[in-house]
Asks: 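Below is a structure I'd like to ask you about.
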Amino acid sequence: MEKLIITAAICGAEVLKEHNPAVPYTVNEIVREAKSAYDAGASIIHLHVRYDDGTPTQDKARFKECIDAIKAVIPDVIIMPSTGGAVGMTNDERLQPTELDIEMATLDCGTCNFGGDDVFTNTENTIKYFGQRMLEKGIKPELEVFDKSMIDMALRLSKKGYIQAPFHFDFVMGVNGGIGGDLRDFVFMRGSIPQGATYTVAGIGRYEFPLAAAAIIDGGNVRVGFEDNVYLEKGVLAKSNGELVAKVVRLAKELGREIANPTEARQILGIKPLI
Ligand code: KMH
Ligand code: ZN
């Protein structure tokens, strides 16, 4: 079995300090959380950025500032900016980080209810536009799938040349509007991707660690972080993203799975090594 790639989704666009005071907004806070996750065993940082007051932004300059600051402290980490941004942003607003020198980015593969009146909109043309941009820029997409239908969409668009194998999926499970986070849901998603594809699983809220354990056993990979869940265990807030990553590392150790460093993660995902 390949080593386990841990992605830390340290910030997100929606979670606030009111949910957990350790949620990072400022550049320094984002660096602190990225480093805590890396030190604990994460090889990929899934990055959203905020202004200092917590407002989510896809501003290219703010992304550059955060990426440069993270790389100054942990130069070998893989940084995977979001192109999802926050609900309601335009496509071109969302795509700004793809103008930077980045190795990976998220590519959201369908539209999803996000609770209340919020709809995270990704039309077929949006997915094509984003896929094409990433192909042109040599950016490896992580295919964000909130439901099985989005796996099918990604595979359909790959036949039309908008997404290229080897595919790497992120099963985002337990969103209010997407697939649930039970084991049978995981088995369904996992069984729906082609041979040779890799995946990570991001369980939302209480699904985070049970789905992490399932992916560790299955040979998949794991995403944790404040974007998805702010609790270390029921009723106990995590003090950092590093604490969430450390819990995955403990689970992996118990289950006999080694942890990939960023160099190994690049190999597994088919990303060019750093020179
Ligand atoms: N914040 C959500 C609207 C992604 O990063 O690509 C979108 C999201 C997915 O978080
Ligand atoms: Zn995200």
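Fair warning: this is a prediction, and the values are worked out from it, not measured in the lab. Atoms within a ligand are numbered from 1 in the order they appear, just like the ligands themselves.
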Asks: For atom 9 (C) of ligand 1, what's the nearest protein heavy atom and its distance?
Replies: Asp108 OD1, 3.3 Å
Asks: Taking only heavy atoms of His46 into account, list the atoms of ligand 1 that are under 4.0 Å away from them.
Replies: 5 (O)
Asks: Working to 10°, measure the angle at the Zn ion (ligand 2) formed by atom NE2 of His48 and atom NE2 of His46.
Replies: 100°
Asks: Return all side-chain donor-acceptor pairs below 3.5 angstrom for residues 9-21, not counting sequence neighbours, or 'none' if the list is empty.
Replies:
from, atom 1, to, atom 2, distance (Å)
Lys17, NZ, Val23, O, 2.8
Lys17, NZ, Glu29, OE1, 3.1
Lys17, NZ, Glu29, OE2, 3.3
His19, ND1, Leu16, N, 2.8
Asn20, OD1, Ala22, N, 2.9
Asn20, ND2, Val230, O, 3.2
Asn20, ND2, Ala238, O, 2.8

Asks: Which residue supplies the protein heavy atom nearest to atom 10 (O) of ligand 1, what is that atom called, and how far is it?
Replies: Glu227 OE2, 2.9 Å
Asks: For this output row, return yes or no: ring centroids of Phe188 and Phe171 closer than 6.0 angstrom.
Replies: no
Asks: If the contact criterion is a heavy-atom separation under 4.0 Å, does Gly85 count as touching ligand 1?
Replies: yes
Asks: Following the transitive rule for hydrophobic clusters with a side-chain heavy-atom cut-off under 4.5 Å over Ile, Leu, Val, Met, Phe, Trp and Tyr, establish whether Ile204 and Tyr231 coincide in one cluster.
Replies: no
Asks: Under 2.8 Å from the Zn ion (ligand 2), is there any N, O or S atom belonging to Glu144?
Replies: no
Asks: Which atoms of ligand 1 sit under 4.0 Å from any heavy atom of Val87?
Replies: 3 (C)
Asks: Give a yes or no on whether a salt bridge exists between Arg266 and Glu103, defined as a side-chain N under 4.0 angstrom from a carboxylate O.
Replies: yes
Asks: Could you check whether Glu144 pairs with Arg223 (Lys NZ or Arg NE/NH1/NH2 to Asp/Glu carboxylate O, under 4.0 Å)?
Replies: yes
Asks: Provide the number and element of each atom of ligand 1 under 4.0 Å from a heavy atom of Glu14.
Replies: 1 (N), 2 (C), 3 (C)
